[in-house]
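Chain identifiers are assigned alphabetically (A, B, ...) following the order of the sequence lines, protein sequences preceding nucleic acid strands; residue numbering begins at 1 within each chain.
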Amino acid sequence: MAFESINEFISMGTHGPYVWSVYGISLILLLGSYFASVKAKKNQIKRLKQRYLREQKS
Amino acid sequence: MTYSSFFYSEILAIFRRKQDAVNALVFFLLVITLFPLGVSPSKEFLQPAAGGIIWCAVALAVLMSVEGMFKEDYNDGSLEQLVVSGLYLPVLVLLKLAVHWFAIMLPLLVLTPILSQMLFINWEILWVLILTLILGSPALFLIGTIGAALTVSLRRGAVLMLLIILPFYLPVIIFSTGAIAAAQVGQPYNGQLAILGAISLMTLTLSPIMAAVSIKASVN
Amino acid sequence: MNWIWFHKLGSPKWFFQWANKWSKFAFVIGLVMLVVGIAWGLGFAPADYQQGNSFRIIYIHVPSAILAQSCYLGLGVAGLVSLVWRMKMAPVFIKAVAPLGAVMAVIALISGAIWGKPTWGAWWVWDARLTSVLILFLLYMGVIAIQNSLDDMQLADKAVAVISVVGLINLPIIKYSVEWWNTLHQPATFTITAKPAMPMEMWLPLLLSTLGMYGFIAAIAMWRMQTEVLVREHRSNWVKKEILDNGI
Amino acid sequence: MISADLGKPLHSNLDLSISGLVIERSERILCDNFSCVVKAGEVARIMGENGAGKSTLLKVIAGILQPLEGQIFFSGEDISYHRDMLHRELLYLGHHAGIKAVFSVAENLNWYCPNQTSDAIELALDVVGLAGYSDTPAHQLSAGQQRRIALARLWLTDKKVWLLDEPFTALDVKGVAVLEAKIKQHTDAGGLVILTTHQALDDSLSVKEIKLV
């Protein structure tokens with residue numbers, strides 16, 4: 001571990017706000033891409049399923 | 001239809017639509033006027049910035065005029081006729097571009113000496129400016145054609161075309177203004193001119209083909 | 001050389017089933033490497049002797065910058081494949097990957113700007129690397145804009161393919177011109193990432209997080225491509241069978 | 001060009017055959033597994049409801065649109081991807097017939113048919129009912145008159161394959177008869193015509209009907 005304590009790890013010298021804001025923003029963007037893509041796939045499958053079932057009935 | 005009859009008809013069409021070329025020139029002048037009025041009319045600002053101002057104005061004016069290059073042909077169906085003419089489409093694109101280049105760039109080159117006085121460019125530097133315009137502007141037209149061909153079927157394609165094409169103009173603008181800046185401080189500028197020529201030659205081989213692909217995809 | 005895999009890749013059905021198998025694998029491996037690499041970089045790698053702890057931003061900045069460029073390279077190659085071989089999956093790839101590349105460019109830009117503050121004392125410096133990522137971002141926005149503006153799918157596919165190919169050829173020129181421009185305007189600036197001989201403890205986590213980012217993005221890209229395949233092939237029997245039988 | 005020496009028209013063996021064509025337009029299948037053969041000397045009339053894809057089929061044959069699947073052969077050669085061979089022999093008149101508004105009537109024809117004398121052009125304009133208009137700018141003419149400029153090309157061309165989208169719409173009864181006579185003359189000389197029309201065609205033409213469903 002490059003840091004002596006948890007507090008030091010969080011403050012990162014004086015650079016804590018910079019480092020943590022970068023990782024925070026990146027995390028949000030990456031998670032956003034992940035969830036958006038997974039949800040789009042699920043929705044498309046659901047839409048097609050409903051459509052195929054409707055076609056089968058008629 | 002033959003290559004020569006197409007070429008002749010393009011010249012005729014440009015001649016009949018003189019106002020389009022005039023519009024491009026007026027637009028060019030307007031963009032240049034924005035800088036002294038918007039930033040500063042002082043010689044200290046304008047002299048070093050002149051190359052960049054003129055080149056940005058040229059890039060925008062060329063984009064504006066190239067954008068409408070296929071619009072009318074698309075609307076009246078002659079673009080379809082070009083596709084089925086049995087002639088090689090990239091060559092037709094190139095002929096059309098050559099006519100447009102002359103119609104826009106010749107008056108613009110005539111205008112530059114006057115403008116260079118208004119922007120305090122020395123006579124020795126003017127020569128470099130004109131060289132960069134001659135060597136670099138073909139690339140602007142050639143790259144712009146691709147965007148024009150892609151967006152021709154859109155009613156409001158101008159902004160979209162600006163968005164996709166302008167980034168590709170950056171190298172031309174960088175090396176042109178670089179050559180002018182180098183000349184202004186008395187450094188050699190042959191390298192930049194050579195790169196400009198190389199970029200124009202490279203786009204000359206690539207973009208007629210890409211524009212032809214885009215035209216074929218757009219007419220339907 | 002056996003080219004069968006190349007032709008298979010062109011088949012939406014084959015791709016869909018292949019991605020079903022491998023996407024989760026890529027995702028898990030990628031995520032583990034990314035987390036390990038970043039945790040290592042944040043907690044265990046030594047601080048930079050010049051920049052101190054702000055240097056730890058590199059473990060997200062460089063992977064995203066590399067991914068932004070790799071995605072664009074992929075776009076260009078896919079554009080070429082789409083124009084020359086008219087392969088069905090190539091436009092699907094472009095459509096799925098372009099927004100991911102844009103996100104990567106945004107992360108690289110934001111992290112670069114925030115890193116710039118403690119390093120240069122300014123949020124933004126017209127440094128060659130940041131400027132070319134900015135242009136890369138604009139190129140992505142162009143691809144996305146034209147994709148979304150053209151309603152006719154065939155035309156949109158052709159258009160993004162053309163723009164990607166033109167971009168692929170232009171990217172080196174743009175990069176070179178920006179670097180040349182940068183040296184002209186800012187001789188000998190202190191660039192944030194170009195460091196001579198990074199020590200192993202700094203370099204290994206960077207490698208890990210970069211590879212992890214590749215896996216992570218590859219998995220998301222596969223899911224997005226699958227979605228797009230489902231949209232485009234919804235009339236074909238295999239999609240119907242896949243959805244009704246397997247309930248994916 | 002009709003060669004007098006041989007005593008028969010050139011390209012008399014020319015034919016256009018379509019096999020297994022599938023055309024998709026905006027998420028809709030217009031043509032499913034469509035096949036047909038049109039030989040030299042034949043007039044093929046594409047039949048179908050409004051919106052059945054008649055114009056689209058013409059565009060696909062002309063190579064303006066790409067089919068989803070299927071092949072097109074021209075005189076036995078597969079031209080599915082490269083239409084150059086067909087284009088050398090093709091005259092296509094679509095909905096918008098490619099008449100430039102800023103050109104005069106004669107200039108419009110000069111552009112498409114550069115090898116014709118001005119007398120020939122005057123004659124062609126006379127036939128389509130535009131006598132005396134040759135110096136009038138096209139934008140001063142009505143839409144129907146503009147279409148007739150394009151039709152005048154039929155009298156000025158030596159192309160063998162004609163694809164005509166609704167060629168009769170802008171014509172009066174007399175004009176229709178004149179055009180039908182021209183089409184007959186063309187097919188008799190070994191030409192090939194594919195057209196769409198709402199009108200019943202004259203009995204003297206050997207019309208082959210192609211149904212689109």
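At a threshold of 4.5 Å between non-hydrogen side-chain atoms, the residues C/Ile169 and B/Met202 count as touching. Looking only at side-chain heavy atoms (C-beta outward), C/Ile173 and B/Phe168 stay at 4.5 Å or farther from each other. Under the 4.5 Å side-chain criterion, counting only non-hydrogen atoms from C-beta, C/Val178 is not in contact with B/Leu170. Counting heavy atoms from C-beta on, the side chains of C/Leu155 and B/Ser218 come closer than 4.5 Å.
Heavy-atom contacts from other residues, nucleotides or ligands closer than 6.0 Å to CZ of B/Phe102 number 12 or fewer. Counting heavy-atom neighbours within 6.0 Å of B/Lys71 NZ, excluding the residue itself, gives a total above 12. Applying the 6.0 Å contact sphere to NZ of C/Lys175 captures no more than 12 heavy atoms from other residues, nucleotides or ligands. Shown here is C/Arg235, whose CZ atom has more than 12 heavy atoms of other residues, nucleotides or ligands within 6.0 Å. Counted within 6.0 Å of CH2 on C/Trp238, heavy atoms from surrounding residues, nucleotides or ligands total more than 12; the atom is thus considered enclosed.
The two atoms that bring C/Ala145 and B/Leu160 nearest to each other are CB-CD1, 3.5 Å, heavy atoms only.
Proximity to chain C is absent for every atom of B/Leu166, based on heavy atoms less than 4.5 angstrom apart. In this structure, the portions of B/Leu150 lying under 4.5 Å from any heavy atom of chain C include both its backbone and its side chain. Looking at B/Gln192, the atoms closer than 4.5 Å to chain C (heavy atoms on both sides) all sit in the side chain, from C-beta outward. Contact of C/Asp151 with chain B is not made at all, since no heavy-atom distance falls under 4.5 Å. If you measure heavy-atom distances from B/Ile146 to chain C, the contacts under 4.5 Å come from the side chain alone. Of the two parts of B/Ser153, only the side chain, counted from C-beta on, holds a non-hydrogen atom closer than 4.5 Å to a non-hydrogen atom of chain C. For a residue to count as touching a neighbouring chain, one of its non-hydrogen atoms must lie under 4.5 Å from one of that chain's; by this rule C/Val166 touches chain B with backbone and side chain alike. Of the two parts of C/Leu83, only the side chain, counted from C-beta on, holds a non-hydrogen atom closer than 4.5 Å to a non-hydrogen atom of chain B. In this structure, chain C has a heavy atom under 4.5 Å from the side chain of B/Ile199, while its backbone stays farther away.
Here B/Phe175 and C/Trp180 bring their ring centres to under 6.0 angstrom of each other.
Tested against B/Pro167 for a side-chain contact (heavy atoms from CB on, under 4.5 Å), the candidates C/Asn170, C/Leu136, C/Leu134, C/Leu139 yield a single pass: C/Leu139.
Atom CD1 of C/Ile174 and atom CD1 of B/Ile174 lie 8.5 Å apart (nearest 0.5 Å).
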